[in-house]
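First the proteins, then the strands, lettered A, B, ... as listed; each starts at 1. Heavy-atom basis, side chains included; hydrogens, waters and symmetry copies ignored.
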Amino acid sequence: MTSSSPTRRAPLLATYAAFVFAFIYLPIVVLILYSFNRDGVGGFPPRHLTLNWYAQLFADAPIWDSVLNSLIVAASSVVLSLGLGLLAALALDRATFPGKALFRRLVLLPLILPGIITGLSLLMFAVFAGVHLSLLTVFLGHGTALISVATTELFAGLQKVDRAQEEASLDLGATPWQTFWRITLPNLKLSLIAAGLLIFTLSMDEIAVTFFLIGRDNTLPLQIWGRLRRGITPEINAVSTLIFAVSVALIVIWYRVRARGLGTQAQELLERP
Amino acid sequence: MYSRAYKSLVSLPPLLWVGIFLLLPYALMFAHSFWAVREGLVVHQWNLHNYKILFSNPLYAGVLFRTMRIAAAVTLCSLLLGYPLAYYLSFHAHARKELLYQLVIVPLWVSYLVRGYAWKTILGSDGILNGFLQYLHLTHEPVVFFLYSPFAVVLMLTHIYTPFAFLPIYAALEHIPRPLVEASHDLGAGSTQTFLRVILPLSMPGLLAGATFAFVLSLGDFLAPLLVGGPSGIMIANVVQTLFGAAFDWPLGATISVFILILTVSLLFLSELLEKRWSFK
Amino acid sequence: MSVSLANPTEQGTATEAALLEVRKVAKRFGTIDVLKNISLNIASGEFLTLLGESGSGKTTLLRLIAGFEQPSVGEIWMSGQRLDILPPYRRRVNTVFQNYALFPHLSVRDNIAYGLRVKNTSRSEMSSRVDEALRMVKMQDFAASRPSKLSGGQQQRVALARALINRPQLLLLDEPLSALDANLRKEMQGELKALQREVGITFLFVTHDQEEAMALSGRIALLRDGALEQVASPREIYAHPATAYAAQFIGQTNLLRGEIRDSIATCGALRWLLDETDGPVIFSLRPESIRICADGKRQTSEVKFRATVRQQFYGGPSELLEVDCGSGQMLRVRIPARGPLAGEHDFVFTLADAIRMKE
C-alpha cells in the first residue's frame, strides 16, 4: 500500500531472487523427480516413471525399524526439551539468580555450536559415567541440545504475555499455581506447539550429535547415512521424498493451528462490544 | 510478584540439568584436552602436549586454514544469495511477501542429510549435472571435479546456510522504519543512495548475525566433506572425528574440539560486540 | 475568543501566483476512496493547514504531494511544472515526518547534511550551510549527538533543519507536533510560526488538532471523508462555517435544528422572526454568543429565552454552562467566570450570531 515510486519495480532484483529460489529448490526437486525414475539416480533427462523404489522401500524392514526408533527419540525429546525449556524460559523471564547470564548462554550454546562438539562432549560424558551407547544416550543428547530451541521459542512467547493478566488473576484470588495453569500456560499454547513441532522435526533430522551417541539401533538419518556409504540408490530418494512430504505436512498443520489461533483472535475482536 | 518458591521451582531443574548434561560434558572435553593416551588408554596425566602438537604440526594448521577458507567462502556466498533475496522480499515483494518468506523457510525443515545427498546425486561423475551437460552436447566425457572437491563442499554448505543467513537479514530489513526510506527519498536520494546510506547501515546487525551463523556452522561441519568433499575437501571436524574414531586419540581430538569451541565462542562474542555498536536504538 | 468578520488580507484566495495546484485529484486504495476530487491551490509563502479527523485523507494528500503515493486521478502542479510524475527525490518539496524519521545511525550534523550530501554539494558549502541550519534551530551544541539521545522537541528541530536546509519551495509537515506533550507543543507552535516568517518558505501543515490549526495557519483546508469541506482563513471559517460539520469541528458550537414557517424560525424552545423561505434549517450558535440577561430586557435584534443551568464547568477566565431550555434541549453557554450558578435564568443572543448553514 505504501509503495513509493523509486522502490516499485526492480526486474533485475526479481530475476536474481528467482535464481536464488531455483538454487534453494533445485536439489529438492531433483530428489523427488528421480525417486520416480526407473533407471535410478543419474543421467538426464529422467525417463520411465515407476513406483518400484517406493515398493522396495516399503518392504525394507531395517528402514522402518529406524523410522520407529527416530519417532521414539523425537517424541521423548519433545517432552524433555519442552518441559525443561519451559522452566528455563520462566526462570530467565522472572527469576534472578547468580550466574543467570552464564546459564542463558550455556542453554543456547547447542543452537549455534557445531553439533560435533556437543556430540563428542556427551560421548565423553557417557563413557566417563560408564553408560552404554543406545537410543537412550541419543535421546539425552537430542533432549539436552534442543532445550535451546524450546527456551528461545517459549521465552519469546513469554515476552508477549501481558503481565497484567497474571496480576489480575492473583488479584482475583487465584494462587500462583492456579495462575500458571489458567493464565500463563494457555497464553503460551501457540509457542508450545511451535516449539514442539520444531523440536520434533529437528530431532527426526538430527545427525551430527546422533553420530557420536548411537548404539546398535539406528535412527533414520543414521540408517540413510550407512547406506550412502555403500553408494547411491533411488530408495534413498524415495525415503527422502517421504520425509519431505511429512515435513511439509507438519508445516501446513502448524499454519492451520496458527491460522485457527488468529481466526479465534479475530473473532474475539469482532465480538467485542 | 513471584515468590521465592516459584522462582526456585522454575530455576532449579533446568539449572541442574544443564549443569549435568551440558556444562559437565564440556568441562570433561576441556579436561581431556590436557590428558594423554598410553597404550590405547586415556590416562589422566595433565600436560600441554596436545596443544603443542596442534600448533606445531603443519598438517593441522593446513586443514584448519582450509576449513577457514571454506567457511569464509560459504559465508560470502550465503550473504551474496541471502541479502538480495531478503532485500527483494522486504522492499519489493509486496503482497507476495508472506508466501515467498514461507518458501525460504520450508527447506529448513528438509533434512540436512537429504539435501546433501541430493547434491551428491547432482554433482557425481555419472550424476544429473553431467547427464544434463552431455544431453545438451556441451560435454562428452563426465566432468569429474564437480564432486569430491572443496567446491562441492562450498556449494552444499551454501545451499544449507543461505536460509540461515537470510533470516536475520530479513528480520533486520523488516525492522527498518519505512518513513526512514521515505525521508531519504524526500531529501533527494535515489534508490542506490538510499540503499547505501540508510538501508545497508541499518541492516548491518542482521548481516552480521547471518554471517556469524553461516561461518560458525560451516566451521564445525563434518558431514558435507564426507558426503561431497572427498580427500581434498577434508575439514577440521573430520580430523576430530577420525581422532575419536579410528585413530583413537581422544585427548588430541578434544584439544581440537576445544579449539573450535573457543574459536566459535569468541566469534559469537565479537559479533555480539559489533552488533551492539551497530544498533542505534 | 472574539468573533469578528474575517480580516480581508487573511482570507487570501490564492488564485494569483499559486505555487502548488492540486487539480481534481482522487486516490483509491483497493476499493476505498481515500480522496475524492480534490482541487486546492497554495500560494507562495502561505501557511496552509490540512485539518481533518483521522481517516479524512489529509495525510494521503500530503503523501501525494511529497511523492510517496501517486494520484489515481488528477494532476499536481508546482511552479508551472507537473509534479506528480516526478519521483520524491526530484521534487523541490521536503517533509517533516510525523515521528521525525531521523536516521538513527547518523549524528545530528549528518542528518541535517543528508540532503546536501546526496546531491554532492561541496564540502565547504555543506559545512557552512549545516552550521547555519544548526544555528537556526538552536542545536549547535548537539551537532555530534545521535538522535536517540535527543528529547522530542530537539528531534523536532533537527527534522525541521534537515528539511529546510535543502531550500524547498514547499515544506510539508505531517502532524509534527503530535508526539510532543502539551506545554512543549505550545512552545513549538510559536517557534514554527516564527521560523516560517523568517525563511519565507510555503508551509503545508497537517493536523487533526483544530486549535493548533487556528493558532498557526493563514488558511485552513478542512477535509472530511476525502473531500474538502471548506477552505478559508481561521477567522472566516470560525465566524462563517460553511457546513454544520465545519461549525462543530472548528471550535465548540450549538447546532440548532428546526424549521422556518411563515417567517418564524422555530428550533425547539427557541423562536424568532426571520424573513426567509419556509423549510427545515440548521443554525450554528457559538456558546460565547449567548449571555445571561440579568435585567430580563432584550434589544430588538436579540432573542431571549429562559433556561435552567444543569452543569457548570469552570475554566479560569470563563466558564461553560450546560443549560436546559425545556424538554431536554441542551445548549452550551460560555460566560465570563462569575461563581456558582443554579436555577432558571434569562439568556439572550444576537440574531446575526445564529448562522444558517448547510448540513
Side-chain angles (χ1 to χ4, degrees), chain A residues 2-4 6-7 10 13-14 16-17 20-21 23-24 27-28 30-31 34 41-45 84 87-88 90-91 94-95 97 103 106-107 109 112-117 120-122 124-125 128 140 144 147 167 176 201 205 207-208 221 224-225 228 232 236 240 243-244 247-248 250-251, chain B residues 1-3 6-7 10-11 13-15 17-18 21-26 28-29 32 81 84-85 88 91-92 103 106-107 109-115 117-119 121-122 124 126-128 131-132 135 159 162 178 182 185 190-191 216-217 219-220 222-223 237 240 244 257 260-261 264 268:
Chain A
T2 53
S3 64
S4 52
T7 63
L13 196 61
Y16 190 81
V20 178
F21 273 115
F23 173 67
I24 292 177
I28 297 168
V30 161
L31 191 83
Y34 279 83
V41 185
F44 188 89
L84 287 168
L87 293 178
L90 285 168
R94 5 193 103 167
F97 49 89
F103 171 69
L106 200 60
V107 167
L109 206 52
I112 186 78
L113 210 58
I116 187 171
I117 308 282
L120 282 176
S121 53
L122 283 167
M124 279 180 263
F125 182 64
F128 185 77
L140 286 176
T144 305
I147 294 175
E167 287 169 351
T201 322
D205 277 355
I207 182 154
I224 295 176
W225 179 259
L228 277 183
I232 290 170
I236 296 173
S240 304
I243 296 174
F244 179 69
S247 301
V248 171
L250 279 179
I251 299 172
Chain B
M1 130 177 212
Y2 303 104
S3 66
Y6 181 99
K7 287 176 182 171
V10 298
S11 311
L15 264 172
W17 187 276
V18 164
F21 289 99
L22 271 182
L23 193 59
L24 215 58
Y26 288 140
L28 203 58
M29 171 175 274
H32 264 85
L81 293 175
L85 186 67
Y88 175 77
F91 286 93
H92 294 279
L103 276 180
V106 166
W109 293 65
V110 180
S111 162
Y112 169 100
L113 189 60
V114 162
R115 287 191 284 160
Y117 164 76
W119 279 110
T121 67
I122 293 171
D126 52 357
I128 291 148
F132 181 67
Y135 175 77
H159 180 252
T162 294
R178 289 319 189 247
E182 291 183 348
H185 290 314
S191 303
V216 165
L217 293 175
L219 198 66
F222 70 103
L223 294 160
V240 176
F244 271 85
S257 300
I260 299 177
L261 184 107
T264 308
L268 288 177

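When each of B:Leu22, B:Leu103, B:Leu261 is scored by its heavy-atom pairs under 4.5 Å with chain A, the top score falls to B:Leu103. The greatest number of non-hydrogen atom pairs below 4.5 Å with chain B, out of A:Ile224, A:Thr201, A:Ile243, is found for A:Thr201. Contact tally against chain B (heavy-atom pairs below 4.5 Å) for A:Val30, A:Ile116, A:Ile207: the top residue is A:Ile116. Interface remark: of the candidates A:Ser121, A:Ala14, A:Ala17, A:Pro114, A:Ser121 forms the most heavy-atom pairs closer than 4.5 Å to chain B. By number of non-hydrogen pairs under 4.5 angstrom with chain A, the leading residue of B:Leu217, B:Thr162, B:Leu85 is B:Leu85. Interface remark: of the candidates A:Ile112, A:Leu140, A:Val248, A:Ile147, A:Ile112 forms the most heavy-atom pairs closer than 4.5 Å to chain B. Chain A forms more heavy-atom pairs under 4.5 Å with one residue of B:Leu219, B:Leu268, B:Leu15 than with any other, namely B:Leu15. Looking only at heavy-atom pairs under 4.5 Å with chain A, the residue among B:Ala118, B:Pro25, B:Ala237 that has the most is B:Pro25.
For chain B, the nearby parts of A:Leu13 are the backbone and the side chain; heavy atoms of each come within less than 4.5 Å. Contact annotation for B:Leu23: both backbone and side-chain heavy atoms come within less than 4.5 Å of a heavy atom of chain A. When heavy atoms are compared at a cutoff of 4.5 Å, B:Thr264 approaches chain A solely by way of its side chain, counted from C-beta outward. Heavy-atom distances place the side chain of B:Phe222, and not its backbone, under 4.5 Å from chain A. With a 4.5 angstrom heavy-atom cutoff, B:Phe244 touches chain A only via side-chain atoms. Contacts between B:Phe21 and chain A at a heavy-atom distance below 4.5 Å involve backbone atoms as well as side-chain atoms. Both the backbone and the side chain of A:Ile236 come within contact range of chain B, each with at least one heavy atom under 4.5 Å from a heavy atom of that chain. Looking at A:Phe23, both its backbone and its side chain come within 4.5 Å of chain B, counting heavy atoms on both sides. When heavy atoms are compared at a cutoff of 4.5 Å, B:Leu113 approaches chain A solely by way of its side chain, counted from C-beta outward. Both the backbone and the side chain of A:Leu120 come within contact range of chain B, judged by heavy atoms closer than 4.5 Å.
For the pair B:Arg178/B:Phe91, a side-chain contact is recorded, criterion being any heavy-atom separation below 4.5 Å from C-beta on.
For A:Phe128, the CZ atom is loosely surrounded, since the number of other residues' heavy atoms within 6.0 Å does not exceed 12.
A:Thr144 is linked by a side chain to side chain donor-acceptor pair (under 3.5 Å) to B:Trp17, counting only residues two or more places apart in sequence or in another chain. Looking at residues two or more places apart in sequence or on another chain, you find a side chain to side chain donor-acceptor pair (under 3.5 Å) between B:His159 and B:Trp119.
Residues A:Asp205 and B:Tyr112 come closest through the heavy atom pair OD2-N, 4.5 Å. Listed here is the closest heavy atom pair of B:Pro14 and A:Ala88: CG-N, 3.7 Å. The minimum heavy-atom distance linking A:Met124 with B:His32 is given by the pair SD-ND1, 3.3 Å. Summarising the geometry of A:Pro27 relative to B:Ile122, their closest heavy-atom pair is CA-CD1, 3.9 Å, with the distance given to 0.1 Å. For A:Ile24 against B:Pro107, the heavy-atom pair with the smallest separation is CG2-CG, 3.3 Å.
Rounded to the nearest 0.5 Å, atoms CG (A:Leu109) and CD1 (A:Ile117) are 9.5 Å apart.
A cation-pi arrangement is absent between B:Arg115 and A:Phe244 under the rule of less than 6.0 angstrom and at most 45 degrees off the ring axis.
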